[in-house]
Amino acid sequence: MSGSFFITTAIDYPNSRPHIGTAFEKIGADVQARFRRMEGRSVHFLMGNDENTIKVSQRAEELGAEPKAYVDDMARQFREVWAALDVSNDDFIQTSEERHHAGCRKFIQAVFDAGDIYKKAYTGLYCNGCEAFKTEKEVENGRCPLHPAAELKVVEEENYFFRLSAFQDRLLAHYDANPDFITPESRRNEILNLVATGLQDVSITRKGFTWGIRVPFDPEQTIYVWFDALLNYITAVGYGTDDARFEATWPADVHVIGKDITRFHCALWPAMLMSAQLPLPRRVFAHGFVYNKGAKISKSAGTAIDPMDVFRVHGADAFRYYFMRECPFGGDGNYGDDRFAEVYNADLADNLGNLYSRALTMCSKYFGGVLEDADAVEARAWLAGLDLAKLVEDLRGLIANFEYNVALQRIWLELIDAANRYIAVTQPFKLIKTDADATRAVLVNLAEAMRVVAILIKPFLPRTAETFYRAFNFDDARSWDDVSYDDVIARPAIAKLQVTAPLHEGKPTPLFPKIDVKAS
RNA sequence: UGCGCCGUGGAGCAGUGGUUAGCUCGCCAGGCUCAUAACCUGGAGGUCGCAGGUUCAAUCCCUGCCGGCGCAACCA
């Protein structure tokens, strides 16, 4: 395991605001980035917007704006949403930026020089809605089935093609030699199948457009979206503008993408890199989709949900928890207000939040918030025999493999439940009447449970995790910013443990106020 | 049409070639009162879509069928 970790998400079309599906991807990548940082890796987390599309320029025109002004404003809105969700990306590239243009020109020239680009006349039915040529099989009644309102145009033009077909053997060899290149397994099988059945050369330029990147060896042509978009992963880290930085950062450790664009990332992209003689990304992780109560999220059908509408009320952490716990990252999931309330109330309010309340209240009520000689208590009783080191190792593996839902389930089932059960078994509220020392030991155990939980949920619920950690003076012994999963096992020695959480009349404010299902 | 996915107690989901098929919610009974009417214990409830096959043994492997859905080079 090297010291650096470069992770990317797909870049988004800024033709409308982000929806919960796009948010799902960013959060999933963010959890990974935060986890790797905790593990001591030097993380570079890249996101961005895909702006060089004809539709974007048309949309700008409709609004009476210059394309650049339009995409800049959309980029601002996207970044605003991601920031509000505590997505910790280090960079945000817009493909309209000069660093991207410069890198693209260099790259397409390199591939051209390698002999993998050729010019070919093409005549076909062009759908403006799809920004693509349609084959006869795809056309229904002379119209594109996806955009039946628009006439298909017969377009004849000379375009440049990328010799994708020539890379079939090399791609298959790469998949074979690198079984983890495409994950999850189901996606890998799909691509293996696809590539094995043969690849066609792909058109990579368009003629007669001004918005976009001009082909250096033919200024009449602009680079078509996919060839252009994929390159963001290298142009953002210096390809064509800062060689030293590029060398130091590339290749990516993982591209986090949606399952629908797996083929671009697992076939086209590596072929492009092979042609340009650049290293390939180590891994592509294709996540599943989030559905709106079973219905596909579609901007046109109105089933898209603005993340802001959800987390404005219950907070970013609740939003993040819902998607990471409820939707397996590698598979599909659902969003629904009812289900959200159910998960929120059960896991966040009743278990996590309530544990916080009851533990702090007892510390405050029985000991004035100060637990002397805490370091003399072993603080393992609350685990009830659970092998914590083993659990931490399991969680590491699960998170590294994007199995977030399983990781969270285990934290809740094995630790948070254990802590609540521990209170039921030891009954500190009764014990305090007869044995103050024993009660103090119980509360030290509970504080330790909170410390452990805080660290483990840090990649998922960064705000809540910090609140948990800072409920006591743990930070004096071990800084929250530096804490890692190793610290779960290594309990810092603090003689005078004390509640540092803000209390009102001896009680903390509920972290996750219950959602009144009946009222909503 | 091609490729792929799903069908598990009332609801939503896990899951494994083999002791009593798990989890959350809901429901019933009991306990507790520190806590956000939260927490803990126990219970009722499933022929694991249908029909064949492989196997000593299948919910999990194979085939077919029925039903729901996704992708097919625009949509995370």
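Each chain gets a letter, A, B and so on, in the order its sequence line appears, and its residues count up from 1.
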Base paired to B:G30 (Watson-Crick or G-U; both N/O distances under 3.5 angstrom): B:C40
B:U55 and B:C39, which share atom name C1', separated by this distance in whole Å: 48 Å
Paired nucleotide for B:U47 [Watson-Crick or G-U wobble; both distances under 3.5 Å]: none
Whether A:His265 and A:Tyr233 hold their rings parallel, tilted or perpendicular, with breakpoints at 30° and 60°: tilted
Close side-chain approach of A:Pro18 and A:Trp82, heavy atoms under 4.5 Å: yes
Sugar-phosphate only, base, or nothing, as touched by A:Asn354 at under 4.0 Å among non-hydrogen atoms: base
Sugar-phosphate only, base, or nothing, as touched by A:Asp12 at under 4.0 Å among non-hydrogen atoms: sugar-phosphate
Position toward the 5' end of RNA chain B (nearest nucleotide), A:Ala346 or A:Asn420: A:Ala346
Whether A:Tyr344 and A:His314 hold their rings parallel, tilted or perpendicular, with breakpoints at 30° and 60°: tilted
Side-chain donor/acceptor of A:Asn445 to backbone N/O of A:Ala381, under 3.5 Å: yes
Sugar-phosphate only, base, or nothing, as touched by A:Glu190 at under 4.0 Å among non-hydrogen atoms: sugar-phosphate
Proximal nucleotide (of B:G12, B:U33, B:C75) relative to the A:Trp226 side chain: B:C75
Nearest-nucleotide comparison on RNA chain B, the residue closer to the 5′ end among A:Lys507 and A:Asp260: A:Lys507
Span that lies between the P atom of B:U59 and that of B:G53, in whole angstrom: 14 Å
Partner nucleotide, any strand, of B:C5 [Watson-Crick/G-U, under 3.5 Å]: B:G68
Sugar-phosphate, base or nothing in reach of A:Lys26, heavy atoms under 4.0 Å: nothing
Sugar-phosphate only, base, or nothing, as touched by A:Phe264 at under 4.0 Å among non-hydrogen atoms: sugar-phosphate
Mate of B:U19 where both pairing distances stay under 3.5 Å, Watson-Crick or G-U: none
A:Trp412 CH2 - B:C39 P separation (whole Å): 14 Å
A:Phe289, nearest nucleotide to its side chain (from B:C23, B:C40, B:A76): B:A76
Nucleotide B:A35, atom P - distance to CG of A:Leu443 in whole Å: 13 Å
Sugar-phosphate only, base, or nothing, as touched by A:Leu194 at under 4.0 Å among non-hydrogen atoms: nothing
Closest listed nucleotide, where the reference is the side chain of A:Pro510 and the choices are B:U36, B:A76, B:G70: B:U36
Span that lies between the P atom of B:U24 and that of B:C65, in whole angstrom: 39 Å
Sugar-phosphate, base or nothing in reach of A:Thr361, heavy atoms under 4.0 Å: sugar-phosphate
Selected nucleotide, minimal atom distance to A:Arg358 side chain, candidates B:C32, B:C25, B:A35: B:A35
Rounded distance in Å between the C1' positions of B:C60 and B:G7: 14 Å
Under 3.5 Å donor-acceptor, A:Asn345 side chain and A:Ile515 backbone: yes
Lys/Arg N to Asp/Glu carboxylate O, A:Arg187 vs A:Glu190, below 4.0 Å: yes
Spacing between A:Met362 atom CE and B:A38 atom C1', to the nearest angstrom: 12 Å
Gap between atoms CG and P, on A:Asp350 and B:G26 respectively (whole Å): 8 Å
Touch class at under 4.0 angstrom, heavy-atom based, for A:Gly288 against every strand present: base
Gap in Å between the two C1' atoms, one belonging to B:G2 and one to B:G12, rounded: 32 Å
A:Phe319 and its ring pair (Phe, Tyr, Trp, His ring centres under 6.0 Å) partner, picked from A:Phe323, A:Tyr322, A:Tyr321: A:Phe323
For atom CG of A:Asn351 and atom C1' of B:A38, their distance in whole Å: 9 Å
Side chain A:Trp211, main chain A:Glu51, donor-acceptor under 3.5 Å: yes
Nearest-Å distance for atom pair NE2/C1', residues A:His265 and B:A73: 13 Å
Integer angstrom distance from the C1' of B:C50 to that of B:G67: 10 Å
A:Val290 side-chain proximity, nearest of B:A14, B:A76, B:C32: B:A76
Distances under 3.5 Å between nitrogen or oxygen atoms of protein and nucleotides 61-63 of chain B:
none

Short side-chain N/O contact from A:Arg325 to OP1 or OP2 of B:U24, under 4.0 Å: no
Short side-chain N/O contact to B:C32 OP1/OP2 from A:Lys430, under 4.0 Å: no
Ring centers of A:Phe329, A:Phe285 separated by less than 6.0 Å: yes
Any donor-acceptor N/O pair, A:Gln32 side chain to A:Ile399 backbone, under 3.5 Å: yes
Sugar-phosphate only, base, or nothing, as touched by A:Ala349 at under 4.0 Å among non-hydrogen atoms: base
Identity of whatever pairs with B:U55 - Watson-Crick or G-U, under 3.5 angstrom: none
A:Arg339 side chain, from C-beta outward: closest of B:G12, B:U36, B:C32: B:G12
Pairwise C1' distance for B:G45 and B:A21, with rounding to whole Å: 14 Å
Watson-Crick or G-U counterpart of B:A11, or none if no pair lies under 3.5 Å: B:U24
SB check A:Arg320 A:Asp86 (cutoff 4.0 Å): no
Proximity to the side chain of A:Arg263 - top-ranked nucleotide from B:A72, B:A76, B:C39: B:A72
Exam field: side chain A:Asp201 to backbone A:Ser165, donor-acceptor pair closer than 3.5 Å: yes
Rounded distance in Å between the C1' positions of B:A14 and B:C48: 12 Å
Length of the CG-C1' vector between A:Asn334 and B:C25, whole Å: 16 Å
Separation of atom CG in A:Leu348 from atom P in B:U36, rounded to whole Å: 17 Å
Residue A:Arg187, side-chain heavy atoms: nucleotide from B:U33, B:A76, B:G4 that is nearest: B:G4
Closest nucleotide among B:C40, B:A76, B:C34 to the A:Asp417 side chain: B:C40
